[in-house]
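Whatever order the structure lists ligands and atoms in, that order sets their numbers, starting from 1. Being a predicted model, the structure only gives us computed values, none of them experimental.
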Amino acid sequence: MKESNISISVIKRLPRYYRFLENLKNNGIARISSNELSERMGLTASQIRHDFNCFGGFGQQGYGYNVPELHAKIGEILCVNREQKTILIGAGNLGKAVANKIMQRQSGFKLIGIFDKNEAMSGTMIHGLPVRHVDYLENFCIDNSPVCAVICIPSNDMKELTDLLCRLGIKSFWNFSNYDIAMVHPEVLVENVHLTDSLMTLSFLTSSKED
Ligand code: NAI
(Lines give C-alpha, C1' and ligand atoms only; values in the text may rest on other atoms or scores of the structure.)
Protein backbone atom coordinates (compact mmCIF):
# COMPACT_ATOMS: atom_id res chain seq x y z
CA MET A 1 0.00 0.00 0.00
CA LYS A 2 1.30 3.47 -0.78
CA GLU A 3 1.79 5.59 2.33
CA SER A 4 -0.43 8.31 0.86
CA ASN A 5 -3.33 5.81 0.92
CA ILE A 6 -3.05 5.17 4.64
CA SER A 7 -6.13 6.26 6.58
CA ILE A 8 -5.80 9.45 8.58
CA SER A 9 -6.75 7.62 11.79
CA VAL A 10 -3.67 5.37 11.40
CA ILE A 11 -1.47 8.39 10.68
CA LYS A 12 -2.82 10.14 13.76
CA ARG A 13 -1.81 7.16 15.93
CA LEU A 14 1.80 7.16 14.68
CA PRO A 15 3.06 10.08 16.81
CA ARG A 16 1.92 8.22 19.91
CA TYR A 17 3.82 5.08 18.83
CA TYR A 18 6.82 7.28 18.07
CA ARG A 19 6.71 8.94 21.50
CA PHE A 20 6.22 5.64 23.24
CA LEU A 21 9.07 3.92 21.41
CA GLU A 22 11.34 6.88 22.07
CA ASN A 23 10.69 6.45 25.76
CA LEU A 24 11.50 2.74 25.57
CA LYS A 25 14.64 3.46 23.56
CA ASN A 26 15.80 6.09 26.05
CA ASN A 27 15.32 3.53 28.81
CA GLY A 28 17.61 1.10 27.03
CA ILE A 29 14.87 -1.32 25.90
CA ALA A 30 16.00 -2.78 22.58
CA ARG A 31 13.21 -5.25 21.89
CA ILE A 32 9.54 -5.62 22.79
CA SER A 33 6.94 -8.28 22.01
CA SER A 34 3.76 -7.22 20.30
CA ASN A 35 1.75 -8.32 23.38
CA GLU A 36 3.87 -6.27 25.74
CA LEU A 37 3.70 -3.24 23.47
CA SER A 38 -0.07 -3.56 23.28
CA GLU A 39 -0.42 -3.93 27.06
CA ARG A 40 1.80 -0.95 27.75
CA MET A 41 -0.04 1.21 25.22
CA GLY A 42 -3.56 0.07 26.07
CA LEU A 43 -4.20 -1.08 22.49
CA THR A 44 -4.94 -4.56 21.19
CA ALA A 45 -2.09 -6.48 19.55
CA SER A 46 -4.21 -6.81 16.41
CA GLN A 47 -4.71 -3.03 16.28
CA ILE A 48 -0.95 -2.53 16.45
CA ARG A 49 -0.33 -5.20 13.80
CA HIS A 50 -2.99 -3.65 11.58
CA ASP A 51 -1.41 -0.18 11.95
CA PHE A 52 2.13 -1.41 11.22
CA ASN A 53 0.98 -3.63 8.35
CA CYS A 54 -0.20 -0.49 6.57
CA PHE A 55 3.50 0.27 6.15
CA GLY A 56 4.63 -3.25 5.37
CA GLY A 57 4.79 -4.55 8.98
CA PHE A 58 7.87 -4.28 11.17
CA GLY A 59 7.77 -7.19 13.58
CA GLN A 60 9.30 -10.64 13.30
CA GLN A 61 7.44 -13.77 14.35
CA GLY A 62 8.79 -14.92 17.72
CA TYR A 63 11.03 -11.89 18.13
CA GLY A 64 8.66 -8.95 18.45
CA TYR A 65 9.79 -5.49 17.54
CA ASN A 66 13.26 -4.03 17.45
CA VAL A 67 12.64 -0.79 19.36
CA PRO A 68 15.33 1.51 17.85
CA GLU A 69 14.55 0.26 14.31
CA LEU A 70 10.80 0.68 14.72
CA HIS A 71 11.29 4.12 16.26
CA ALA A 72 13.50 5.16 13.33
CA LYS A 73 11.07 3.73 10.77
CA ILE A 74 8.07 5.54 12.22
CA GLY A 75 10.13 8.72 12.40
CA GLU A 76 10.91 8.25 8.72
CA ILE A 77 7.23 7.79 7.88
CA LEU A 78 6.38 10.93 9.85
CA CYS A 79 9.27 12.72 8.09
CA VAL A 80 10.58 14.08 11.40
CA ASN A 81 14.06 14.51 9.91
CA ARG A 82 12.88 16.93 7.27
CA GLU A 83 13.39 20.62 7.90
CA GLN A 84 10.45 22.28 6.18
CA LYS A 85 10.92 26.01 6.35
CA THR A 86 8.45 27.44 8.82
CA ILE A 87 7.46 30.87 10.07
CA LEU A 88 5.52 31.78 13.19
CA ILE A 89 3.14 34.73 13.47
CA GLY A 90 2.40 36.13 16.93
CA ALA A 91 5.21 36.12 19.48
CA GLY A 92 3.00 36.42 22.58
CA ASN A 93 2.68 33.89 25.39
CA LEU A 94 1.48 31.09 23.14
CA GLY A 95 3.82 31.95 20.26
CA LYS A 96 6.89 31.85 22.52
CA ALA A 97 5.91 28.48 23.99
CA VAL A 98 5.17 27.00 20.56
CA ALA A 99 8.40 28.41 19.07
CA ASN A 100 10.40 26.82 21.87
CA LYS A 101 8.67 23.50 21.28
CA ILE A 102 9.42 23.53 17.55
CA MET A 103 13.07 24.41 18.18
CA GLN A 104 13.60 21.85 20.90
CA ARG A 105 12.87 18.69 19.01
CA GLN A 106 12.79 17.23 15.53
CA SER A 107 9.28 17.43 14.16
CA GLY A 108 9.87 17.83 10.42
CA PHE A 109 9.78 21.64 10.58
CA LYS A 110 12.48 24.25 10.96
CA LEU A 111 11.54 27.64 12.33
CA ILE A 112 13.28 30.31 10.26
CA GLY A 113 11.31 33.47 11.10
CA ILE A 114 9.10 34.89 13.85
CA PHE A 115 6.82 37.90 13.27
CA ASP A 116 4.68 40.14 15.45
CA LYS A 117 2.85 43.40 14.87
CA ASN A 118 3.95 44.84 18.22
CA GLU A 119 6.93 47.06 17.41
CA ALA A 120 8.20 46.82 20.98
CA MET A 121 8.91 43.12 20.35
CA SER A 122 11.03 43.68 17.26
CA GLY A 123 14.59 42.50 17.81
CA THR A 124 13.81 40.46 20.92
CA MET A 125 15.15 36.92 20.64
CA ILE A 126 13.29 33.63 20.97
CA HIS A 127 15.55 30.59 21.02
CA GLY A 128 18.15 32.48 18.98
CA LEU A 129 15.73 33.86 16.38
CA PRO A 130 14.92 37.59 16.28
CA VAL A 131 11.26 38.67 16.31
CA ARG A 132 10.65 40.76 13.16
CA HIS A 133 7.90 43.27 12.61
CA VAL A 134 5.09 41.83 10.50
CA ASP A 135 5.71 44.55 7.89
CA TYR A 136 8.80 42.51 6.87
CA LEU A 137 6.78 39.33 6.37
CA GLU A 138 6.23 39.67 2.64
CA ASN A 139 9.87 40.37 1.75
CA PHE A 140 11.05 37.63 4.10
CA CYS A 141 8.79 35.09 2.39
CA ILE A 142 9.92 36.19 -1.07
CA ASP A 143 13.59 35.83 -0.02
CA ASN A 144 13.30 32.61 2.04
CA SER A 145 10.33 30.66 0.61
CA PRO A 146 8.84 29.20 3.81
CA VAL A 147 6.20 26.52 3.21
CA CYS A 148 4.53 26.31 6.61
CA ALA A 149 3.11 28.98 8.95
CA VAL A 150 2.31 28.64 12.64
CA ILE A 151 -0.51 30.98 13.64
CA CYS A 152 -0.54 32.27 17.22
CA ILE A 153 -2.61 35.45 16.91
CA PRO A 154 -6.28 36.31 17.58
CA SER A 155 -8.72 35.92 14.68
CA ASN A 156 -9.21 39.64 13.89
CA ASP A 157 -6.49 39.97 11.22
CA MET A 158 -6.58 36.39 10.03
CA LYS A 159 -8.42 36.84 6.73
CA GLU A 160 -5.94 39.38 5.46
CA LEU A 161 -2.97 37.48 6.85
CA THR A 162 -3.89 34.07 5.44
CA ASP A 163 -4.73 35.54 2.04
CA LEU A 164 -1.25 37.08 2.02
CA LEU A 165 0.50 33.93 3.24
CA CYS A 166 -1.26 31.71 0.68
CA ARG A 167 -0.31 34.17 -2.06
CA LEU A 168 3.31 34.00 -0.81
CA GLY A 169 3.45 30.22 -1.16
CA ILE A 170 2.57 28.90 2.29
CA LYS A 171 1.23 25.37 1.78
CA SER A 172 0.41 24.31 5.33
CA PHE A 173 -0.74 25.95 8.55
CA TRP A 174 -0.44 24.92 12.17
CA ASN A 175 -3.35 27.00 13.33
CA PHE A 176 -3.95 27.95 16.97
CA SER A 177 -6.41 30.75 16.12
CA ASN A 178 -10.17 30.33 15.92
CA TYR A 179 -10.20 31.41 12.27
CA ASP A 180 -11.26 28.61 9.89
CA ILE A 181 -8.45 28.76 7.31
CA ALA A 182 -9.56 25.63 5.44
CA MET A 183 -13.01 27.06 4.70
CA VAL A 184 -11.49 30.02 2.89
CA HIS A 185 -8.41 28.28 1.47
CA PRO A 186 -9.27 24.63 0.75
CA GLU A 187 -6.08 24.37 -1.33
CA VAL A 188 -3.80 24.40 1.75
CA LEU A 189 -3.27 21.86 4.55
CA VAL A 190 -4.44 22.97 7.97
CA GLU A 191 -3.88 21.30 11.32
CA ASN A 192 -6.02 23.10 13.92
CA VAL A 193 -5.05 22.93 17.57
CA HIS A 194 -7.56 23.97 20.23
CA LEU A 195 -6.50 23.15 23.77
CA THR A 196 -9.90 24.19 25.10
CA ASP A 197 -11.65 21.53 22.95
CA SER A 198 -9.75 18.93 24.90
CA LEU A 199 -10.55 20.66 28.19
CA MET A 200 -14.27 20.88 27.35
CA THR A 201 -14.30 17.17 26.49
CA LEU A 202 -12.77 16.49 29.90
CA SER A 203 -15.37 18.75 31.49
CA PHE A 204 -18.18 16.77 29.86
CA LEU A 205 -16.67 13.42 30.81
CA THR A 206 -16.03 14.50 34.40
CA SER A 207 -19.55 15.85 34.77
CA SER A 208 -21.21 12.78 33.26
CA LYS A 209 -19.22 10.54 35.61
CA GLU A 210 -20.40 12.61 38.60
CA ASP A 211 -24.04 12.35 37.41
P1 NAI B 1 -0.82 37.24 23.49
O2 NAI B 1 -1.66 38.48 23.60
O3 NAI B 1 0.19 36.94 24.55
O4 NAI B 1 -0.04 37.26 22.09
C5 NAI B 1 -0.62 37.56 20.87
C6 NAI B 1 0.46 38.19 20.01
O7 NAI B 1 0.00 38.28 18.67
C8 NAI B 1 0.82 39.61 20.46
O9 NAI B 1 2.21 39.72 20.65
C10 NAI B 1 0.32 40.48 19.32
O11 NAI B 1 1.10 41.65 19.14
C12 NAI B 1 0.42 39.54 18.15
N13 NAI B 1 -0.44 39.84 17.01
C14 NAI B 1 -1.75 40.12 17.01
N15 NAI B 1 -2.20 40.34 15.75
C16 NAI B 1 -1.13 40.17 14.93
C17 NAI B 1 -0.93 40.25 13.53
N18 NAI B 1 -1.93 40.54 12.71
N19 NAI B 1 0.30 40.02 13.04
C20 NAI B 1 1.33 39.73 13.87
N21 NAI B 1 1.21 39.65 15.21
C22 NAI B 1 -0.01 39.86 15.74
O23 NAI B 1 -1.86 36.05 23.31
P24 NAI B 1 -1.54 34.49 23.40
O25 NAI B 1 -1.88 33.99 24.74
O26 NAI B 1 -0.19 34.25 22.88
O27 NAI B 1 -2.63 33.90 22.42
C28 NAI B 1 -2.61 34.23 21.03
C29 NAI B 1 -3.86 33.73 20.37
O30 NAI B 1 -3.91 32.32 20.42
C31 NAI B 1 -5.14 34.23 21.05
O32 NAI B 1 -6.05 34.62 20.08
C33 NAI B 1 -5.69 33.05 21.80
O34 NAI B 1 -7.08 33.00 21.77
C35 NAI B 1 -5.15 31.89 20.97
N36 NAI B 1 -4.87 30.73 21.80
C37 NAI B 1 -5.22 29.51 21.29
C38 NAI B 1 -4.95 28.36 21.97
C39 NAI B 1 -5.32 27.06 21.36
O40 NAI B 1 -5.21 26.02 22.01
N41 NAI B 1 -5.73 27.05 20.12
C42 NAI B 1 -4.33 28.38 23.32
C43 NAI B 1 -3.98 29.70 23.75
C44 NAI B 1 -4.26 30.83 23.02
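Given atom 12 (C) of ligand 1, the protein heavy atom at minimum distance is D116 OD2, 3.3 Å. For atom 32 (O) of ligand 1, the nearest protein heavy atom (residue, atom name, distance) is P154 CA, 3.0 Å. With respect to atom 29 (C) of ligand 1, the closest heavy atom belonging to the protein is I153 C, 3.7 Å. The protein heavy-atom contact nearest to atom 3 (O) of ligand 1 is N93 N, 3.0 Å. Protein heavy atom closest to atom 4 (O) of ligand 1, with residue, atom name and distance, is G92 CA, 3.2 Å.
If you look at D157 next to ligand 1, the close heavy atoms, those under 4.0 Å, all belong to the side chain. For C152, every heavy-atom contact with ligand 1 shorter than 4.0 Å involves the backbone, none the side chain.
Contact annotation for atom 26 (O) of ligand 1: protein present (non-hydrogen atoms, distance under 4.0 Å). Inside a 4.0 Å radius of atom 37 (C) of ligand 1 there is at least one protein heavy atom. Per-atom contact check: atom 23 (O) of ligand 1 does not touch the protein, criterion being a heavy-atom distance below 4.0 Å.
For K96, the heavy-atom gap to ligand 1 stays at 4.0 angstrom or more.
When only modelled atom types and interatomic distance are considered, S33 and N35 share no side-chain donor-acceptor pair under 3.5 Å. N81 and E76 share no donor-acceptor pair across their side chains, judged by distance under 3.5 Å alone. Side chains of H133 and N118: no donor on one and acceptor on the other come within 3.5 Å.
In the vicinity of L195, heavy-atom distances shorter than 4.0 Å reach the ligand 1 atoms 39 (C), 40 (O). Heavy-atom proximity to I89, at under 4.0 Å, picks out these atoms of ligand 1: 19 (N), 20 (C). Set against the non-hydrogen atoms of M121, the atoms of ligand 1 under 4.0 Å away are 9 (O). Near N118, meaning under 4.0 Å from one of its heavy atoms, ligand 1 places the atoms 11 (O). Taking a cut-off of under 4.0 Å to the non-hydrogen atoms of V193, the atoms of ligand 1 that pass are 39 (C), 40 (O), 41 (N). Ligand-side atoms of ligand 1 in range of G90: 7 (O), range being under 4.0 angstrom from any heavy atom.
Classification of E69 and K25 as a salt-bridged pair fails, no side-chain N sitting under 4.0 Å from a carboxylate O. Between K117 and D135, no side-chain nitrogen of the basic residue sits less than 4.0 Å from a carboxylate oxygen of the acidic one, so the salt-bridge criterion is not met. Ion pairing between K159 and D163 holds under the 4.0 Å rule for side-chain N and carboxylate O.
Residues Y17 and M41 meet the side-chain proximity criterion, which asks for heavy atoms closer than 4.5 Å.
In this structure, the side chain of N144 does not engage the main chain of P146 through any donor-acceptor pair within 3.5 Å. S207 contributes a side-chain N or O that, together with a main-chain N or O of S203, makes up a donor-acceptor pair within less than 3.5 Å.
Taking each of V131, L94, N178 in turn, the one with a heavy atom nearest to atom 43 (C) of ligand 1 proves to be L94.
Between K117 and ligand 1, an N or O atom pair is found at a separation short of 3.5 Å. For the pair F176 and ligand 1, the shortest N or O to N or O distance falls below 3.5 Å. Note: no N/O pair closer than 3.5 Å links S177 and ligand 1 by distance alone.
Here the closest heavy-atom approach between residue Y18 and residue R105 is recorded as CE2-NH2, 3.4 Å.
A 6.0 Å sphere centred on CD of E187 holds more than 12 heavy atoms belonging to other residues, nucleotides or ligands.
Taking CZ of F109 as the start and CZ of R82 as the end, the distance is 8.0 Å to the nearest 0.5 Å.
Ring orientation note: the planes of F115 and F140 are nearly perpendicular, at an angle over 60° on the 30°/60° scale.
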